[in-house]
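I have placed the structure first, in the form of structure tokens, so that the comments after it can refer back to it.
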Amino acid sequence: MGWLLLLLFLSLGAVLETLHGFKVGFYLDPAHRVRREMWTLAHAHGTLLALVQIAFACGVQRFAWRSPGRLRLASFLLLDAAVLLPGGFFLGGIGHAEGDPSYGVLLVPVGATLLLVAVALIVLEAWRSSRPTPEAGHPSASKESKR
Amino acid sequence: MVPLLALGVLVIVLVQCVRALGWRNGTLTGGILASLTASASVWLLLPREIGEPGSLARVPYVTSETCFKCHPHHYETWHRSFHRTMTQEATPETVRGDFNNQVLVVRGIPTTLTREGNRFYMETADPTWARRMADTGKPPEEWGPAELRRFEVVRLVGSHWFQECMYRDEAGRYWRLPVSYHIASQRWVHTNGAFLAPDTNDFWEKSTIWNESCVYCHNTKPSKRPTGWTMLKGQRTPSGYDTQVAELGIACEACHGPGELHVRVNSEPGRRFMLQRTGRPDPTVINPSRLSPQRASEVCGHCHASTVPRASAWDEQHTDPYTPGDDLERFLFVFWSEAEQRQLYAEQFRRSPPPPPEPLDGRFWPDGTPLTTAVEFQGMAMSACYQNGQGQMSCLTCHLLHAEDPNFQLGKQKAGNEACLQCHAEYREHIEAHTHHRADSPGSLCYNCHMPYQAYSLLAVHRTHRIHSPLVRDSLVSGKPHACNLCHLDKTLAWTQQHLVRWYGHQPLELNEEQATVAASVLHLLQADARSRAVYVGAYAWEPARQASGTAWMPPVLLDVMARDRFPAVRYLAEKALATLDKGLVRDYDYMAGPEQRAAQVEAMRLRLAAAPGLDPQNHPTIPLASACRLDPVRITELLRRRTDPDVSIHE
């Protein structure tokens with residue numbers, strides 16, 4: 001999915017470059033400054049979050065996930081964020097007012113919240129995996145294993 | 001649509017949490033996440049109290065820099081407008097004139113423009129000495145060595161046509177210095193020749209005080225604030241000022257009203273989203289395009305109309321009480337003649353009797369049509385299209401204040417016939433049948449006949465804003481140049497009448513022998529007052545008129561004006577027209593020079609013209625020519641006998 005998103009948002013970048021190349025008014029006119037800013041943010045966030053997806057997929061085996069449920073949730077939420085954040089920015093640039101994006105931008109804080117939760121889950125798991133295993137006599141690990 | 005999308009997202013998140021963490025933990029986690037985001041979204045989407053439109057008179061001003069944060073595009077279009085730069089402090093970025101040791105000599109008196117670092121100076125005739133010398137009655141050429149005084153230029157007015165320089169005295173008064181920079185010709189000029197007024201020996205005659213009147217139309221929310229009073233010519237007059245403005249120049253709040261409330265309530269995003277969603281107007285700010293045509297036009301008319309303050313509505317600080325959206329006439333009387341202005345002023349400020357009338361009105365033609373710029377509101381109000389503000393037409397029908405092009409600030413396609421065709425669509429397919437001119441020619445441009453160049457200001461002629469049909473009767477009654485003859489400069493008024501009778505069925509009027517035999521433009525230049533002469537001579541430089549009339553016969557006419565006319569602005573316009581024919585010819589001409597000096601300069605030009613291939617007077621029967629460089633002296637003397645040339649001043 002990460003590669004697919006990377007393809008999608010890199011393509012968006014190419015489209016934006018094309019709009020620049022042909023000096024397309026609805027993207028470059030000063031009156032559409034918000035659109036230009038929103039779509040640039042959509043491209044940047046989408047590409048970055050796609051890379052995060054790929055990095056997550058590569059690194060997932062390195063963590064000693066003690067809860068497969070949390071792993072799945074983190075994966076779901078990262079994916080949601082990778083769609084909602086750039087999607088919100090993109091929609092915010094359609095039908096915008098002069099100084100404000102349109103309603104679509106409301107998806108951005110939703111995506112950002114989910115991203116924060118996902119990253120918090122990963123950080124938590126990374127922290128826990130860095131601690132000694134139950135075999136090494138760590139009390140919390142033995143408690144977890146008893147469950 | 002958006003709430004549905006948000007709901008969909010929340011359901012998906014909930015399902016994902018359940019799938020990942022099981023029914024119990026998933027519902028709990030998903031529920032918390034969904035609730036958090038849902039409540040934030042609901043808060044943003046909750047209906048807000050928008051309020052009802054009301055007066056913004058007591059709201060504080062915030063300046064354009066604040067507006068930029070949310071309205072960058074409107075800010076940019078305003079920022080490149082000439083409204084913004086109407087009044088500026090003198091800095092290297094704002095000064096347009098050349099202060100690099102430039103010297104302008106006017107009638108023997110030198111004015112030197114210099115710069116020291118970021119400060120600008122003008123050394124010119126000392127005003128006390130100049131007034132004393134003027135009182136001797138001698139022309140400035142005979143005043144002897146000038147007593148000079150150095151002034152620091154601290155403030156500038158204008159940036160489109162002219163840039164006037166001002167210095168500040170110890171009493172807080174900003175005085176207009178006698179030399180200004182003419183941006184159009186990129187040269188320094190004397191203000192005595194910049195306004196339409198007769199020759200004068202008073203070097204400082206046009207030096208007015210900015211705080212007195214300029215401040216009102218050239219700034220945002222001005223407050224004159226006199227600091228002391230003195231008696232001058234029997235009138236109580238301020239002796240000093242602590243003048244304050246919300247912002248120098250004409251900024252956002254001059255048209256949109258004070259912005260503090262608008263900024264404060266809209267710092268809350270939910271309100272902005274609600275306004276965006278509902279499309280409702282925001283009552284905390286004035287959008288002239290949402291006002292009635294009359295109120296919208298009054299926003300412009302606040303400065304683009306000639307007015308007298310309604311004394312009872314103004315405070316002691318002389319703070320401009322008008323706020324955009326208000327009824328303009330609650331605070332200002334709109335007047336329609338200078339006689340009415342004097343009367344109103346005397347009534348409002350208890351100055352009796354009113355000053356005696358000037359021989360000629362310097363703002364209006366005798367039929368009430370505005371004669372100068374900054375009176376456009378009255379011009380439009382006289383037009384049938386405006387329908388006393390009850391119709392659909394307003395200033396914004398043609399003008400767009402946030403247009404890309406700051407010149408004239410016309411809306412898209414409004415520089416051409418689309419401006420008129422948006423209401424008069426019946427002419428779109430049959431324009432030639434109406435105009436009797438080729439569709440792609442200047443004769444088929446609505447403006448040229450219905451809004452001709454009948455106004456004068458700042459060494460240029462401008463289109464009248466009174467939209468009207470050109471009638472010979474109007475020209476006969478008012479002396480106002482006829483639109484047809486402003487293009488057909490070599491044709492008589494009788495020729496014009498003949499065509500109007502044939503094409504439009506106008507009733508023919510009786511014309512005298514001169515109106516039947518001498519080109520109307522030449523007749524006016526020889527016989528009419530300075531207002532008509534300025535407008536007509538301005539047309540000689542207008543390319544469509546030159547194409548319609550030919551130019552071979554023009555030099556003798558223009559040379560006559562350059563030698564004879566006693567209004568320097570008229571001479572300047574003649575020089576400008578002649579320069580477009582032969583720039584080298586006018587190289588040594590000084591339109592500000594005294595009569596003898598000018599006569600010599602013109603004679604030299606005539607000699608140079610006489611050497612060029614000749615012009616056959618027979619080919620131009622409506623022009624009283626004697627040769628290629630001279631008008632027929634006998635005919636001219638005869639025509640000049642009926643010349644009417646009283647004093648007049650156009651202070652724009």
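Side chains are part of it too, since the values below use all heavy atoms of this structure and drop only hydrogens, waters and symmetry mates. Note that the structure is predicted; figures quoted are calculated from it, not measured. Convention: sequence-line order gives letters A, B, ...; per-chain numbering from 1.
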For this session: With the side chain counted from C-beta on, respond yes when A:V105 and B:F273 share a heavy-atom pair under 4.5 Å apart, and no when they do not.
Result: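 Yes, their side chains come closer than 4.5 Å.
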Within a reach of under 6.0 Å around [atom1] of [X], are more than 12 heavy atoms found that belong to other residues, nucleotides or ligands?
X	atom1	answer
B:R19	CZ	no
B:W43	CH2	yes
B:E418	CD	yes

Exercise. Between A:G111, A:G99, A:P109, A:P30, which residue shows the highest count of heavy-atom pairs closer than 4.5 Å to chain B?
Worked result: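 Ranked by heavy-atom pairs under 4.5 Å with chain B, first place is A:P30.
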Problem set entry | Most contacts with chain B, counted as non-hydrogen pairs under 4.5 angstrom, among A:D29, A:V117, A:L73 |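 Of the candidates given, the most pairs with chain B belong to A:L73.
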Problem set entry | Residue-level contacts of residues 69-79 of chain B with chain A, using a heavy-atom cutoff under 4.5 Å |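 Hits under 4.5 Å: B:C70, B:H71, B:P72, B:H73, B:H74, B:E76.
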Exercise. Distance only, no hydrogens: is a donor on one side chain within 3.5 Å (strictly under) of an acceptor on the other, for B:Q276 and A:D100?
Worked result: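 Not at all, the side chains of B:Q276 and A:D100 share no donor-acceptor pair under 3.5 Å.
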Problem set entry | Gap between atom CD of B:Q16 and atom OG of A:S75 - 0.5 Å precision |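 Reported value, rounded in 0.5 Å steps: 8.5 Å.
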Exercise. Where does A:L114 contact chain B at under 4.5 Å (heavy atoms): side chain, backbone, both or neither?
Worked result: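 For A:L114, side-chain heavy atoms alone lie under 4.5 Å from chain B.
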